[in-house]
Amino acid sequence: MSTDAVLIANAIASMKADSNILKDYIFPLAMSFFSAFLGGMSAIYIYSKQERIKKEKENFNKTNAVIVKVVERLNDLVALKINYHNINEVNPICRALLIPPFLSHLQRLHVEVSDFLFIQPIPTANKKWHERFFDFIRFDILSCKRKTLSMDELGRSWRNLSRLSAFVSNYNIIVTTIEERSKKLLEVKSRLSTYSSEYKITISPQLAYDVIGRDGMNALIDLTETFLSMVDHVISEMDSFTKEFSDVAGSNIELSFVGKGVKVIKVLNERELYLACLKPIINPDFNMLAKLFQSTLEEVKYKYTFTEWY
């Protein structure tokens, strides 16, 4: 081999880089793995955020839907109570005969209470960035105790889903009671009308009680007083719900995920007749009720008086 050929061969050999395992093998593999990891994490983050947005929108829509539904049923009860809201009769027999039958059927109220399990004992959403930062420092790093409602406060709040379940159940009991009472009242009035026509006399409360009989009239009185007391109670609960539940539910829905500037609907009704219907009607003569039912005063008061949640 000539000298020039040797020089050229040596020059080519010197240009060949020394083999480096880290640079040639490990680093490319690490970069590939890291790129795949970042891609996977990005996909998980995007999917999780999309699912969070979907869930928050569902919670928002369910909350608005239940408020609208309750407002509709509340309006039904108010329209019904307008027929007797200014009654001043305390005699249970007279009340049973004076309150008219309601022949139009009220719609039942259907609410899936489990749809609102996202509601927490404390507000968790819609906090500004600095509030979230300080909460992270205080509660996650310093492990400070969060301020929560007492059991009594929680029980009286709309964060207590048992309260929601109770008034939905009571509303549906009202629907059934109205149907039963209207049927019973029409039967009683038919019998009294026949008796009055036959004997050409005006029916007094005591005579009505004697004509219909103790069992029949007591059944009508019981349906009437149950209906009257439950309507007052449920109207009050529904009014409170329509005013307060939006703030309660909204504090656990991240509204920024739903849309810019959106809010859960809140219903305030200041009409004079509506406000009049929020007031409970006059109580019956509990002493007379106790005598008719052959019961104690405490028992009839307990049966026909519904305590408020708040």
Side-chain angles (χ1 to χ4, degrees), residues 64 66-109 111 156-158 163-182 184-186 189 205 220-248 264-289 300-310:
N64 280 338
V66 76
I67 292 174
V68 170
K69 192 182 295 185
V70 170
V71 168
E72 291 174 348
R73 302 290 79 79
L74 172 59
N75 289 338
D76 289 343
L77 286 186
V78 170
L80 182 147
K81 186 176 177 180
I82 287 173
N83 292 281
Y84 65 85
H85 76 282
N86 57 357
I87 188 173
N88 54 15
E89 180 61 67
V90 298
N91 185 318
I93 300 174
C94 294
R95 286 158 69 97
L97 296 173
L98 282 174
I99 307 297
F102 300 102
L103 303 180
S104 59
H105 296 287
L106 295 179
Q107 292 186 38
R108 291 184 173 273
L109 179 59
V111 175
R156 290 184 283 111
S157 165
W158 285 109
R163 186 179 178 186
L164 170 60
S165 177
F167 94 69
V168 170
S169 177
N170 285 337
Y171 174 88
N172 290 325
I173 291 174
I174 289 173
V175 174
T176 301
T177 303
I178 287 175
E179 293 173 354
E180 293 177 358
R181 179 187 175 275
S182 296
K184 185 70 176 178
L185 180 59
L186 291 174
K189 287 201 168 187
L220 178 60
I221 292 171
D222 175 61
L223 289 169
T224 300
E225 295 302 333
T226 299
F227 152 70
L228 293 175
S229 57
M230 289 192 73
V231 166
D232 281 345
H233 172 69
V234 172
I235 283 179
S236 177
E237 283 292 273
M238 285 182 160
D239 177 72
S240 172
F241 179 86
T242 57
K243 291 176 180 176
E244 300 175 14
F245 190 71
S246 58
D247 290 336
V248 170
V264 180
I265 61 173
K266 179 183 291 189
V267 180
L268 297 175
N269 191 337
E270 301 296 334
R271 290 180 299 166
E272 184 177 349
L273 192 55
Y274 174 81
L275 296 177
C277 287
L278 289 179
K279 299 176 182 178
I281 66 168
I282 189 171
N283 285 327
D285 183 338
F286 287 117
N287 288 302
M288 189 174 180
L289 268 179
V300 294
K301 280 187 175 181
Y302 178 79
K303 184 174 182 180
Y304 300 115
T305 303
F306 287 84
T307 57
E308 304 292 353
W309 279 83
Y310 46 88

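Owing to the predicted nature of the structure, the values given are computational and were not obtained by experimental measurement.
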| message | Working note: Leu185 + Thr224, criterion side-chain contact (heavy atoms from CB on, under 4.5 Å); need CA distance, chi angles, decisive distance, verdict. | response | CA-CA 9 Å; Leu185 180 59; Thr224 300; over 6 Å; no

| Would Asn283 and Thr305 satisfy side-chain contact (heavy atoms from CB on, under 4.5 Å), going step by step from the backbone distance to the final call? | CA-CA 9 Å; Asn283 285 327; Thr305 303; 5.5 Å; no

| said: Apply side-chain contact (heavy atoms from CB on, under 4.5 Å) to residues Ile178 and Leu80 and explain how you reach the verdict. | reply: CA-CA 10 Å; Ile178 287 175; Leu80 182 147; 3.4 Å; yes

| query | What do the steps show when you test Asn170 against Ile173 for side-chain contact (heavy atoms from CB on, under 4.5 Å), and what is the final call? | reply | CA-CA 5 Å; Asn170 285 337; Ile173 291 174; 4.1 Å; yes

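Each of Glu179, Arg108, Met230 was scored for a side chain to side chain contact (heavy atoms under 4.5 Å, CB included) with Ile174, with one residue passing: Met230. Just one of Tyr171, Phe306, Phe227 meets the ring pair (Phe, Tyr, Trp, His ring centres under 6.0 Å) condition when paired with His233; it is Phe306.
One N or O on the side chain of Ser229 and one on the backbone of Thr226 form a donor-acceptor pair closer than 3.5 Å. Side chain of Asp232 to backbone of Ile281: a donor-acceptor contact under 3.5 angstrom is found. Remark: the backbone N or O of Asp285 is not paired with any side-chain donor or acceptor of Asn91 at under 3.5 angstrom. Between the side chain of Ser182 and the main chain of Phe102, a donor-acceptor pair closer than 3.5 Å is present. At least one donor-acceptor pair under 3.5 Å links the side chain of Lys189 to the backbone N or O of Leu97.
Heavy atoms only, all atoms of each residue included: Ile93 and Pro205 are closest at CG2-O, 3.5 Å. Taking each heavy atom of Arg181 and Ala96 in turn, the nearest pair found is NH2-O, 3.0 Å. Between Val111 and Leu164 the shortest heavy-atom distance is CG1-CD2, 4.3 Å. Closest approach of Ser246 to Ile265, counting heavy atoms only: CB-O, 3.0 Å.
The line from CG of Leu273 to NZ of Lys81 is 10.5 Å long, rounded to the nearest 0.5 Å. Atom OG1 of Thr242 sits about 15.5 Å away from atom NZ of Lys69, to the nearest 0.5 Å. With rounding to the nearest 0.5 angstrom, the CG atom of Leu220 is 7.5 Å from the NZ atom of Lys184. Note that OG of Ser236 and CZ of Phe241 are 14.0 Å apart. Values are rounded to the nearest 0.5 Å. Rounding to the nearest 0.5 Å gives a distance of 9.5 Å between CG of Asp222 and CG of Leu289. Summarising the geometry, atom OH belonging to Tyr84 is positioned 5.0 Å from atom CG belonging to Leu228; distances are rounded to the nearest 0.5 Å.
In this view, Tyr274 and Asp239 satisfy the side chain to side chain donor-acceptor pair (under 3.5 Å) rule, not counting sequence neighbours. Residues satisfying the side chain to side chain donor-acceptor pair (under 3.5 Å) test with Asp247, not counting sequence neighbours, are Lys266. Residues passing the side chain to side chain contact (heavy atoms under 4.5 Å, CB included) test with Glu72 are Val68, sequence neighbours excluded.
Note on Arg163 versus Glu237: salt bridge recorded, some NZ/NE/NH1/NH2 to OD/OE distance being below 4.0 Å.
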